[in-house]
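Lettering follows sequence order; numbering is per chain, from 1.
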Amino acid sequence: MPELPEVEVVRRGLERWAAGRPVSAVEVLDVRSTRRHGAGPDDFAARLAGSRLAVPERRGKYLWIPLAGEDSALVAHLGMSGQLLVNDPADPAPRHLRIRLLLEPGEDDADRSRELRFVDQRIFGGLFLDRLVPADDLPGQLLPASVAHIGRDPLDPAFDPEAVHLRLRGRRTGLKRALLDQSLVSGIGNIYADEALWRARLHYARPTDTINRTESARLLAAVHEVMEEALAQGGTSFDSLYVNVNGESGYFDRSLDAYGRAGLPCRRCAAEGRVSLIVRRPFMNRSSSYCPRCQPVPRRARW
DNA sequence: CCAGTAGCCTGCTTGC
DNA sequence: TGCAAGCAGGCTACTG
């Protein structure tokens, strides 16, 4: 599934292949994919057609393309299975094509038309239009009103680990629940939460109000590190006409230490000459994977 | 206001 | 073999 690094790869691909282009036609093939556009799919298509795409931006897993000369943006969330692809309009339609935008050549290139496609199997994601508002903490920066409640992600230059630490201390919940709360820090999903906790040697049920500065710094550094590594490994696929977001960057196959490794030896323990098997526990209608030896369950756990 | 949860979705896997 | 249940999970809307 697309995680923050994959969404960033998509953003870069769109910057290269779609930015600057006028939208000449819009077709919504499945209205569920514009669910979050309150005024309905016809309004979505009518307002988008005739606009011109500016340079895409991202916060967490939200991606948006400001419309040139307007105070609004095309907002995208890929959900579990969404993809944004840039194709030749003549290319055959893929199975789960939900929305398509015909893009005319930009002013500076004699290239032919292209088609921006939103493909989504499970329809957890979608596209919608929203107005841009100034960011609370940095009024010169604009973001969609519907994204304003989301915290900055760990790759954001204005990400503030100290502020996150203080907010974490003020919570009365478990560490992983807090990591998955997008209003605190955005962009962390189940996979990255497990990986970061493993790297920081912290258990997911650790009460947030017992976290000290050293631990929160270690944890947030781990999140940053994991995301940068994934971006480095998945960041090569945008050098083509196709903006590839299939989530199979190769990173998931090789570099995961906790997620998906239940029953396998913890690599860190193995390096120390010990054998400890990664365990998987039900958590929030999904699961958590961790090493019981280097991430021991805290005495006062908050699940 | 805060913590916690149901429900949205489809396709693949597992179990009877 | 066929069908149903289980699983994957980000996010919003809702409840307590």
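- If you measure from atom CZ of A:Phe124 to atom P of C:dC7, you get 15 Å, rounded to the nearest angstrom.
- Between A:Arg35 and C:dT12 there is no side-chain polar atom (N or O) within less than 4.0 angstrom of OP1 or OP2.
- Put simply, CD on A:Glu3 is 9 Å from P on C:dG9, counting in whole angstrom units.
- A sub-4.0 Å separation between OP1 or OP2 of B:dG4 and a side-chain N or O of A:Arg177 is present.
- The distance between atom CH2 of A:Trp303 and atom P of B:dT5, rounded to the nearest whole Å, is 14 Å.
- Cation-pi geometry between A:Arg58 and A:Trp64 is not met at under 6.0 angstrom from the ring centre and within 45 degrees of the axis.
- Note on A:Gln121: every side-chain N or O is 4.0 Å or more away from OP1 and OP2 of B:dG11.
- In this model, the phosphate group of B:dT10 is not approached by any side-chain N or O of A:Arg95 to a distance below 4.0 Å at OP1 or OP2.
- Contact detail for A:Asp120 and A:Ser81: the closest heavy-atom pair is OD1-OG, 2.6 Å.
- Salt bridge absent: A:Glu195 and A:Arg199 never bring a charged side-chain N and a carboxylate O closer than 4.0 Å.
- Between A:Trp198 and A:Tyr259, the distance separating the two ring centers is not shorter than 6.0 angstrom.
- When each of B:dA6, C:dC11, B:dA3 is scored by its nearest atom to the side-chain atoms of A:Arg172, the top-ranked nucleotide is B:dA3.
- If you look at A:Tyr204 and A:Phe283, their ring centroids are closer than 6.0 Å.
- For A:Thr173, the listed nucleotide lying nearest its side chain is B:dG4; candidates were B:dC9, B:dG4, B:dG11.
- In this structure, A:Met80 atom CE and B:dC12 atom P are separated by 14 Å, rounded to whole Å.
- Looking at which nucleotide of DNA chain B each of A:His96 and A:Gly174 is closest to, the 5′-most match is held by A:Gly174.
- Between A:His77 and the phosphate of C:dG10, there is no side-chain N or O to OP1/OP2 separation shorter than 4.0 Å.
- The interatomic distance linking A:Leu179 (CG) with C:dG10 (P) rounds to 12 Å, in whole Å.
- A:Arg302 comes within contact range of no nucleotide atom at all, as no heavy-atom separation falls under 4.0 Å.
- Along DNA chain C, the nucleotide nearest to A:Ser287 and the one nearest to A:Ser146 differ in position, and the one closer to the 5' end is contacted by A:Ser287.
- Remark: C1' of B:dT5 and CG of A:Leu180 are 14 Å apart, rounded to the nearest angstrom.
- A:Ser146 has its side chain within reach of A:Arg36: a pair of non-hydrogen atoms, C-beta onward, lies under 4.5 Å apart.
- In this structure, the CG atom of A:Asp130 is 11 Å from the P atom of C:dT12, given to the nearest Å.
- Comparing C:dT12, C:dG9, B:dG11 by their nearest atom to the side chain of A:His149 picks out C:dT12.
- In this structure, A:Tyr62 reaches the C:dT12 phosphate: one of its side-chain N or O atoms is under 4.0 Å from OP1 or OP2.
- Distance CG (A:Leu184) to P (C:dC11): 14 Å, rounded to an integer number of Å.
- Residue contacts for A:Gly79: at a heavy-atom cut-off of 4.0 Å it reaches no nucleic acid atom on any strand shown.
- Remark: A:Arg171 is in phosphate contact with B:dA3, judged by side-chain N or O atoms under 4.0 Å from OP1 or OP2.
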